Asks: 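Got a structure for you, written out below as structure tokens; questions coming shortly.
Not measured: the values here are computed from a predicted model. Values below: all heavy atoms of this structure, side chains included; hydrogens, waters and symmetry mates excluded.
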Amino acid sequence: DQPAPFKARVLMLSNGSCMSACLDFADRVLMVPGVQLVGSATGGDGPYMEVRTEALPSDLAQITFPQKVYR
């Protein structure tokens, strides 16, 4: 393992809506030693694609869920 190039702690914040160019960016950022992924997996991490986000009835949160899956 290489040492982190930064003195500060570096976090990559992500959620299920990170796809396409965002996923390319995340892949490159996470190659930097010491960077940690925080939050949920990106939308491209796994067999799921075309996610949809809906507000919960309370309007206090949202849920993101896949519409398609590779089989």
Side-chain angles (χ1 to χ4, degrees):
D1 285 336
Q2 294 180 327
F6 310 106
K7 290 183 181 182
R9 188 172 175 198
V10 179
L11 305 174
M12 168 75 188
L13 181 61
S14 177
N15 63 23
S17 64
C18 178
M19 294 182 221
S20 190
C22 175
L23 182 58
D24 294 340
F25 174 74
D27 287 342
R28 291 180 192 260
V29 169
L30 293 172
M31 289 176 17
V32 176
V35 175
Q36 292 181 298
L37 179 65
V38 177
S40 59
T42 64
D45 292 337
Y48 303 102
M49 57 186 159
E50 294 189 22
V51 297
R52 185 173 101 201
T53 302
E54 291 291 328
L56 295 178
S58 67
D59 278 333
L60 297 175
Q62 295 180 346
I63 186 169
T64 302
F65 52 95
Q67 298 297 295
K68 292 183 180 180
V69 63
Y70 286 115
R71 299 229 182 239

Asks: Closest approach of Ala26 and Met12, non-hydrogen atoms and distance?
Replies: CB-CE, 3.5 Å

Asks: Supply the members, apart from Val38, of the Ile/Leu/Val/Met/Phe/Trp/Tyr cluster built from side-chain contacts under 4.5 Å; use none for a lone residue.
Replies: Leu11, Leu13

Asks: Using side-chain hydrogen bond (donor to acceptor under 3.5 Å, both in side chains) as the criterion, list what pairs up with Gln2, not counting sequence neighbours.
Replies: none

Asks: Sorted by first residue and then second, give each salt bridge (charged side-chain N to carboxylate O under 4.0 Å, His left out) pair with at least one member in residues 53-66; sequence neighbours left out.
Replies: Arg52-Glu54

Asks: What pairs with Pro5 under side-chain contact (heavy atoms from CB on, under 4.5 Å), at least two apart in sequence or on another chain?
Replies: Val32, Pro33

Asks: Leu56: what forms a side-chain contact (heavy atoms from CB on, under 4.5 Å) with it, not counting sequence neighbours?
Replies: Ser58, Ala61, Ile63

Asks: Not counting sequence neighbours, which residues clear side-chain hydrogen bond (donor to acceptor under 3.5 Å, both in side chains) with Arg9? List them please.
Replies: Gln36

